[in-house]
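Just so you know, residue 1 is the first one in the sequence shown, and it goes up from there.
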Amino acid sequence: PGMSAPPSRDLWRGRLALAGAMTFVGSTVAASAAASDLDPFLAALIRFATATPALLALCVLFGTKWPRLNAREWGVLALQSAAGSLGYTAALVAGLRYASAADASILTGLLPTLTALVAVVALGERPGARLAVAVALATAGAALIALREGAGGEQRLFGLALVFAAMFGESLFAVLNKAIRTPIEPLAVATIMSAIALALGVAPGLWALARDGAPDMPALWAMVYYGLGPTVVGFSLWYWGAARVSGVEAAAYMAVAPLAALALSWALLGESLAARHFVGMAFVLAAIALTVARRRAG
């Protein structure tokens with residue numbers, strides 16, 4: 001009596017699924033770096049041409065119900081896909097042509113705080129003191145990366161700006177989701193987003209293919225992995241896990257993504273890590289913690 005019951009096996013499986021999902025998300029930095037010589041829109045086309053058939057197959061397998069949306073909601077979905085799917089992929093791949101994957105890993109951790117900040121600006125939500133401190137910490141973490149002297153100069157800053165643009169597009173994706181009132185199953189959302197991104201990316205992607213020729217195999221396989229791993233498996237793990245834990249706890253697992261991105265940049269790409277990476281990551285993780293705490297308080 002008076003003692004809380006230990007977490008169930010299903011709860012621990014949910015937590016492992018969330019950690020796995022965010023590890024897949026973190027791996028997108030390494031995959032994008034491996035494909036950074038590709039035209040960004042060709043890279044995005046390969047991703048969504050791989051992901052869309054796989055997601056459609058899962059929809060058939062699980063009997064997913066398709067929503068009946070009005071014209072405004074279809075427009076919101078199209079804008080979400082353009083910003084958070086096609087735009088995110090193209091900007092991340094392009095940015096990693098100029099910036100290191102280790103530096104970009106820190107910026108990926110800005111997503112939760114940036115999303116909360118966009119919600120304040122776009123939806124008129126009250127910011128609160130926690131968010132103000134979280135934004136300051138996230139900005140400090142990003143500044144440690146962006147303001148380093150030498151090693152690339154203006155090109156490196158341009159690359160980091162593109163990575164930030166990718167995070168901003170993803171934050172718009174999250175905030176715009178609140179504008180859709182019709183209930184949509186998660187798998188249906190993922191499939192629709194992927195299909196729209198594929199449709200939007202066909203013309204620029206094929207134009208790049210005709211101009212540049214076939215991609216080399218490492219870059220091709222990196223984007224095929226991006227389509228099947230983070231987009232399909234990572235998405236499935238996230239929603240499977242999120243159904244088994246609280247919303248606040250699920251949000252906390254977003255911190256795994258930048259950690260995984262930094263570790264994989266070192267392990268797979270051989271990038272060297274400096275003290276500024278660890279200090280910058282500490283600032284960003286503190287910002288994520290405060291952003292999650294704000295959700296709990298709200």
Side-chain angles (χ1 to χ4, degrees), residues 25 28-60 64 66-67 69-99 104 155 158-159 161-177 179-180 184 187-232 234-235:
V25 170
T28 63
V29 174
S32 298
S36 60
D37 287 338
L38 283 181
D39 177 272
F41 288 103
L42 177 57
L45 178 61
I46 296 169
R47 175 194 175 185
F48 295 111
T50 303
T52 302
L55 288 167
L56 283 170
L58 288 178
C59 287
V60 173
T64 301
W66 296 101
L69 306 174
N70 58 41
R72 184 191 65 83
E73 289 174 323
W74 279 112
V76 171
L77 286 175
L79 184 57
Q80 279 185 285
S81 184
S85 296
L86 181 65
Y88 172 88
T89 307
L92 187 58
V93 170
L96 284 163
R97 183 175 297 179
Y98 306 104
Q155 281 197 340
F158 177 63
L162 287 171
V163 174
F164 181 83
M167 297 306 112
F168 182 73
E170 187 72 5
S171 68
L172 283 179
F173 179 97
V175 171
L176 286 170
N177 196 54
I180 298 176
I184 311 177
L187 186 55
V189 172
T191 306
I192 292 169
M193 291 291 99
S194 184
I196 293 174
L198 176 59
L200 293 174
V202 163
L206 290 181
W207 180 81
L209 181 63
R211 180 195 63 198
D212 300 334
D216 59 39
M217 293 306 295
L220 174 64
W221 285 116
M223 294 313 296
V224 169
Y225 162 79
Y226 198 153
L228 293 178
T231 311
V232 178
F235 170 86

Does a side-chain heavy-atom distance below 4.5 Å link [X] with [Y]?
X: Ile46; Y: Leu38; result: yes
X: Arg47; Y: Pro230; result: no
X: Arg97; Y: Leu162; result: no
X: Pro204; Y: Trp207; result: no

Review item, side-chain donor-acceptor pairs of residues 209-225, under 3.5 Å, at least two apart:
residue, atom, partner, partner atom, Å
Arg211, NH2, Asp39, OD2, 3.0
Asp216, OD1, Ala219, N, 3.0
Tyr225, OH, Ser27, OG, 2.6

Considering non-hydrogen atoms only, spot the tightest contact between [X] and [Y] and give its length.
X: Gly84; Y: Phe173; value: CA-CB, 3.8 Å
X: Ala51; Y: Gly227; value: CB-O, 3.4 Å
X: Gly159; Y: Ala99; value: C-CB, 3.9 Å
X: Val25; Y: Thr28; value: O-OG1, 2.6 Å
X: Val29; Y: Leu96; value: O-CD1, 3.3 Å
X: Thr52; Y: Ala195; value: OG1-N, 3.7 Å

When you measure from the side chain of Ser194 to the backbone N and O of Ala190, does any donor-acceptor pair fall under 3.5 Å?
no
Okay, side chain of Ser81, backbone of Ala78: is any donor-acceptor separation there less than 3.5 Å?
no
Could you tell me the separation between the [atom1] atom of [X] and the [atom2] atom of [Y], rounded to the nearest 0.5 Å?
X: Leu77; Y: Arg72; atom1: CG; atom2: CZ; value: 10.0 Å
X: Phe41; Y: Leu200; atom1: CZ; atom2: CG; value: 10.0 Å
X: Thr64; Y: Leu187; atom1: OG1; atom2: CG; value: 4.0 Å
X: Asp37; Y: Leu42; atom1: CG; atom2: CG; value: 12.0 Å
X: Thr50; Y: Leu55; atom1: OG1; atom2: CG; value: 10.5 Å
X: Cys59; Y: Ile192; atom1: SG; atom2: CD1; value: 8.0 Å

Step by step, would you call Ile180 with Gln80 a side chain to side chain contact (heavy atoms under 4.5 Å, CB included)?
CA-CA 11 Å; Ile180 298 176; Gln80 279 185 285; 3.5 Å; yes
With Val163 via side-chain contact (heavy atoms from CB on, under 4.5 Å) - residues at least two apart:
Leu92, Ala104, Leu107
